[in-house]
Structure formats: C-alpha cells, structure tokens
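Heads up: the structure comes next, in structure tokens.
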Amino acid sequence: MAVVTDPSQVCLGDRPLIVCDIDEVVLEFLSPLTAFLRSHDYDLLPRSFKLHGNIVSRRDGSEMGKEQFSAFLEMFFENQNLWQTPANRAAETLHALSDDADIIFLTAMPPRHHTIRRNLLDRFGLSFDMIASEEQKGPIVAALHDRRDHPVAFIDDIQRNLLSVAEHVPDCLLINMMASADFKPFAPPPVGSILTASDWDHAGDLMRRHFSAALSNA
Ligand SMILES: [Mg+2]
C-alpha cells in the first residue's frame with residue numbers, strides 16, 4: 001500500500017477511523033535500538049524518558065554526544081529492516097479491528113526512510129496506508145477525520161502528539177501505549193482525556209468500546 005505525505009490522498013470508508021503511530025506502538029523501537037547500539041559497543045540505559053543522555057559507551061561509560069547520536073539514529077533507520085519487529089499482538093489486533101474500521105499509520109520518521117519502512121511493514125502483513133510527516137500530528141488527524149460523524153481513535157507513545165490531536169480533534173479517543181517495558185515507568189503520567197493501554201489487547205478493547213458507544217449514540 002501507499003506512502004503518502006498529504007492526508008487528502010487517503011481514501012476512507014464509511015466507518016470508524018484508527019490513526020496509529022509506528023515507533024514504539026506498531027513496531028518495537030527502543031528494544032531494537034538498544035540491541036543496535038550494543039552491537040556498536042554502546043548501551044541505552046532506562047534511567048529517564050529520553051534517548052539523548054542515556055546512551056553510554058560500554059567501554060568507559062561516557063555519554064554519546066548529540067551529533068554522534070543523530071548519526072547513529074540515522075544509521076538505525078537506514079537499517080531498520082534488520083532490527084525492528086512488530087510489537088506483541090500489534091498485527092493480530094490491527095487486522096481484527098480492520099474488519100470494522102479504517103487504519104492509517106502516521107509516522108514522524110524522516111521522509112528519506114519511507115521506502116524501507118513501507119517494505120518492512122508489508123513484510124509483516126501491516127499493509128495499511130502510511131502517512132510519513134514531521135509536521136504536528138493534530139492537524140493531520142483533523143484533516144483525515146474531516147469532522148465526519150464516525151468515531152476516531154489515535155494511538156501514540158508521545159504525550160506531545162496525543163495533546164496535539166486532543167487540541168485539533170476534540171472527540172478523538174486518545175490512547176497512550178508504548179512497547180518498551182523498561183522505559184514505560186518513566187513516561188509522563190497521562191493528562192486530560194488520554195487513556196493508557198497496557199498492551200494491544202487492552203487498546204483493542206478500548207477502541208471497540210469507544211466505537212460501539214459512538215454508534216449506539218448516533
Ligand atoms: Mg512513537
């Protein structure tokens with residue numbers, strides 16, 4: 001399926017919409033990044049909710065500098081097909097949900113890595129449309145949803161993205177979820193109407209409940 005950069009290129013059915021982040025939600029990110037760093041004699045230490053400052057040399061414990069970190073992240077995304085795998089139950093849950101809802105992936109990864117990510121998702125049968133954009137997520141979800149009467153849900157691991165969608169699509173179900181058990185305890189507590197899903201089964205239940213409540217109120 002396609003990689004698009006403009007929400008107007010997406011064709012939705014007459015049914016609920018699920019917009020879903022990729023890194024740490026659909027694909028594991030922090031665990032494979034840690035394995036990748038270890039293969040280069042670095043480690044990612046779960047000691048706060050950030051990457052920079054928590055990557056240290058396994059030889060002398062020194063912290064990786066910002067420029068070097070950017071270079072490593074670039075290398076990781078270039079080779080993501082060798083490292084990243086779906087989060088537990090992501091594929092099964094999304095396929096089950098796709099019987100009754102449209103699913104769109106929304107990733108903030110730099111556009112130069114679109115093709116490799118598209119191929120990786122397709123390899124795991126995750127062939128839903130993907131929007132790759134470094135713009136704020138709220139306006140993108142608003143453009144997709146376009147104030148339709150159908151319910152809409154958004155899943156992401158980063159509170160900033162959830163708050164952006166909350167601002168632009170007030171009726172959207174907001175679900176915070178992250179794959180990494182090591183970093184989860186450091187995530188900021190959810191604010192406002194954001195719900196936290198412990199895993200994909202839980203997220204699936206929250207969405208099904210939201211959709212059936214919206215349909216019975218219609
Ligand atoms: Mg993410």
Side-chain angles (χ1 to χ4, degrees), residues 3 5 7 17-37 44 46 48-52 54-55 69-70 72-74 76-81 83-91 93-94 97 103-114 116-118 120-121 124 126 128-141 144 152-169 172-191 194-200 202-204 206-207:
V3 178
T5 49
L17 169 65
I18 297 168
V19 182
C20 192
D21 177 40
I22 303 247
D23 287 310
E24 272 302 293
V25 175
V26 172
L27 294 179
E28 297 260 359
F29 172 72
L30 291 168
S31 299
L33 179 65
T34 303
F36 168 77
L37 289 165
L44 171 59
S48 65
F49 198 69
K50 60 179 188 175
L51 295 174
H52 182 65
N54 286 332
I55 300 172
F69 168 60
S70 301
F72 265 95
L73 202 55
E74 179 70 18
F76 177 74
F77 279 133
E78 271 170 18
N79 294 286
Q80 60 184 274
N81 55 326
W83 298 94
Q84 288 191 275
T85 53
N88 190 36
R89 303 268 310 144
T93 310
L94 284 170
L97 288 163
I103 292 164
I104 304 287
F105 293 142
L106 177 54
T107 183
M109 189 189 56
R112 58 188 170 277
H113 305 303
H114 289 180
I116 195 157
R117 170 145 295 177
R118 180 69 273 170
L120 177 61
L121 291 167
F124 293 119
L126 293 161
F128 306 106
D129 277 346
M130 176 176 90
I131 298 177
S133 170
E134 294 176 286
E135 301 292 313
Q136 274 197 44
K137 293 195 174 184
I140 296 174
V141 177
L144 280 169
V152 52
F154 174 70
I155 316 170
D156 204 292
D157 61 314
I158 302 294
Q159 186 134 289
R160 179 181 67 245
N161 295 331
L162 289 153
L163 291 173
S164 171
V165 174
E167 187 188 334
H168 290 88
V169 190
C172 185
L173 174 71
L174 304 168
I175 299 177
N176 182 319
M177 184 167 61
M178 74 181 297
S180 167
D182 292 339
F183 278 84
K184 215 182 275 191
F186 299 102
V191 296
I194 298 171
L195 304 177
T196 301
S198 50
D199 54 31
W200 266 103
H202 186 199
L206 291 172
M207 284 187 274

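Treat the numbers as computed from the prediction; the structure is a model and nothing was measured. Just follow the structure's listing: the first ligand is 1, and inside any ligand the first atom is 1. Excluded from the calculations below are hydrogen atoms, water molecules and symmetry mates; all remaining heavy atoms, backbone and side chain alike, are included.
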Considering only heavy atoms from C-beta outward, does the side chain of R112 approach that of E74 to under 4.5 Å?
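Yes. Closest side-chain heavy atoms under 4.5 Å.
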Check whether any side-chain N or O of E24 sits under 3.5 Å from a backbone N or O of F29 as a donor-acceptor pair, and report yes or no.
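Yes.
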Is the side chain of W200 donor-acceptor paired with the backbone N or O of V26 at a distance under 3.5 Å, no angle test?
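Here the side-chain-to-backbone pair does not exist.
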Around the Mg ion (ligand 1), how many protein N, O or S atoms are there at under 2.8 Å?
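That number is 3, waters not included.
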Quick one: list whatever passes salt bridge (charged side-chain N to carboxylate O under 4.0 Å, His left out) with R160, sequence neighbours left out.
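Counting only residues at least two positions away or on another chain, R160 forms no salt bridge (charged side-chain N to carboxylate O under 4.0 Å, His left out).
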Going by an N to O cut-off under 4.0 Å, is there a salt bridge joining R89 and D199?
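Salt bridge: no.
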Heavy-atom neighbours of E78 CD exceed 12 at 6.0 Å:
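Above 12, so yes.
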